[in-house]
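Structure, as structure tokens:
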Amino acid sequence: IQILRLQNDLLLKLGRLRESLQFTQNLAKNEQQPTNDIEIMLLESALQNRDVNAALRSIKHLTKSKSLSFSHTITLANAHSSLGQQIQATQLLRQQLAMLNREAVKERAVIYAHLLDLNCPQTDVDSVIQWLDTVDTLPTEILSNLLFSMGRCAENNKDTKTVAALITRANKLRATQLPITPQWYLDWWHGIQTQYQTQKTHLAIDRIKRPCIFIVGLPRCGSTLLADSLFRGYNAINIEESGVLQRLIEQVLSNTDRAD
């Protein structure tokens with residue numbers, strides 16, 4: 001199933017959306033009783049293709065399942081949200097939250113972030129702040145994402161003082177993950193250029209005749225919003241985040257003293 005998921009992810013990232021939908025539909029047809037993994041792939045492809053009917057069919061099948069994993073639940077909640085079904089998404093996340101034990105702090109933080117992104121009542125923000133005071137440690141990425149979600153809620157609630165404190169704390173956490181200095185940035189960019197030149201002949205992008213637009217930015221800087229605005233209404237394909245830049249960064253870091 002992991003290989004099948006990689007194949008489908010590749011089709012989506014290359015912008016071959018109809019092929020992805022056909023691929024996942026064939027997988028479902030070949031199974032007498034499609035597994036949750038296959039239904040999740042079909043759901044993701046249907047959403048990318050804006051095929052609402054196919055997405056709703058997958059949602060209906062997954063909703064009946066009594067063995068959804070945590071990641072499947074998150075994907076299903078995101079699907080509800082994408083289709084404008086915020087109430088269903090919120091209910092699903094709260095049900096999953098009620099099932100978690102006290103030790104599942106990472107999963108609880110992920111659900112809190114999703115709930116805050118869906119709706120931002122001050123009571124939820126306050127309860128998350130109280131919960132964070134009881135947590136010893138959280139992975140930096142998960143904590144920073146949660147802080148960003150809390151910051152957006154505080155902004156919606158016109159609490160500018162809390163916004164500044166939360167976003168500043170989140171950005172400091174991100175900085176500890178990838179410390180940036182002018183010299184580090186120059187070395188990093190040189191490494192990316194080297195990687196690109198060595199792999200250039202193998203990249204499919206060199207064989208595309210139409211012009212390509214690359215949008216690069218740090219997390220939460222607005223790059224996704226810019227991409228959505230640029231591609232809306234034009235005869236163009238947005239392949240979403242490719243992950244290529246992240247892999248190049250990791251390759252460069254693995255060959256430097258900053259590999260740790």
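All values derive from a computational prediction rather than experimental measurement. Numbers here are sequence positions counted from 1.
Connection of Phe23 to Leu42 is not established within any shared hydrophobic cluster, with ILVMFWY side chains joined at heavy-atom distances below 4.5 Å, either directly or through further cluster members. Residue Leu147 is grouped with residue Val135 when hydrophobic side chains (ILVMFWY) are merged at heavy-atom distances under 4.5 angstrom, including chains of intermediate members. Put simply, Leu115 and Val128 are part of the same group of oily side chains (I, L, V, M, F, W, Y) that touch within less than 4.5 Å, one to the next.
When the side chain to side chain donor-acceptor pair (under 3.5 Å) test is applied to Arg57, no partner is found at least two apart in sequence or on another chain. Residues satisfying the side-chain contact (heavy atoms from CB on, under 4.5 Å) test with Gln96, not counting sequence neighbours, are Phe70, Thr73, Leu100, Ile111. Under the side-chain contact (heavy atoms from CB on, under 4.5 Å) criterion, Gln22 pairs with Gln25, Asn26, not counting sequence neighbours. Residues satisfying the side chain to side chain donor-acceptor pair (under 3.5 Å) criterion with Ser20, sequence neighbours excluded, are Asn8, Ser45. The side chain to side chain donor-acceptor pair (under 3.5 Å) test applied to Glu107 returns no partner, not counting sequence neighbours. Scanning for salt bridge (charged side-chain N to carboxylate O under 4.0 Å, His left out) contacts around Glu44 gives Arg5, with sequence neighbours left out. With sequence neighbours excluded, no residue forms a side chain to side chain donor-acceptor pair (under 3.5 Å) with Ser81.
Residue Asp117 holds its CG atom at 9.0 Å from CG of Asn78, rounded to the nearest 0.5 Å. We find the CG-CE distance between Leu21 and Met41 to be 12.5 Å, quoted to the nearest 0.5 Å. Between the CG atom in Leu27 and the CD atom in Gln7 there is a gap of 8.0 Å [rounded to 0.5 Å]. Distance check: Gln88 CD to Leu93 CG gives 11.5 Å after rounding to the nearest 0.5 Å. Between Lys106 atom NZ and Glu141 atom CD the span is 11.5 Å, to the nearest 0.5 Å. Distance check: Leu143 CG to Met150 CE gives 9.0 Å after rounding to the nearest 0.5 Å.
Sequence neighbours left out, not one pair with a member in residues 68-81 passes salt bridge (charged side-chain N to carboxylate O under 4.0 Å, His left out). Within the structure, ring-ring contact (aromatic ring centres under 6.0 Å, His included) contacts touching residues 80-112 (residues at least two apart or in different chains) are Tyr112-Trp131. Sorted by first and then second residue, the ring-ring contact (aromatic ring centres under 6.0 Å, His included) pairs involving residues 36-60 (not counting sequence neighbours) form an empty list. For residues 67-92, there are no salt bridge (charged side-chain N to carboxylate O under 4.0 Å, His left out) pairs, not counting sequence neighbours.
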**Request:** Assess whether side chain to side chain contact (heavy atoms under 4.5 Å, CB included) is satisfied between Asn36 and Ser69, documenting all intermediate values.
**Result:** CA-CA 9 Å; Asn36 289 339; Ser69 67; over 6 Å; no
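Looking at Leu146 and Leu132, their side chains come closer than 4.5 Å, going by heavy atoms from C-beta outward.
For the residue pair His61/Ser58, the side-chain donor-acceptor check at 3.5 Å is not satisfied.
Closest heavy-atom contact between Gln86 and Leu118: CG-CD2, 3.9 Å. Between Ala113 and Ser149, the shortest heavy-atom distance links the atoms O-OG, 3.5 Å.
Counting only distance, with no hydrogens or angles, the side chain of Asn49 and the backbone of Asp51 share no donor-acceptor pair below 3.5 Å.
Within 6.0 Å of atom CD1 in Ile87, 12 or fewer heavy atoms from other residues, nucleotides or ligands are found, so the atom counts as exposed in its surroundings.
With side-chain heavy atoms closer than 4.5 Å counting as contact, directly or through intermediates, the hydrophobic cluster containing Ile40 also holds Leu43, Leu47, Val52, Leu56, Ile59, Leu62, Leu68, Leu76, Leu83, Leu92.
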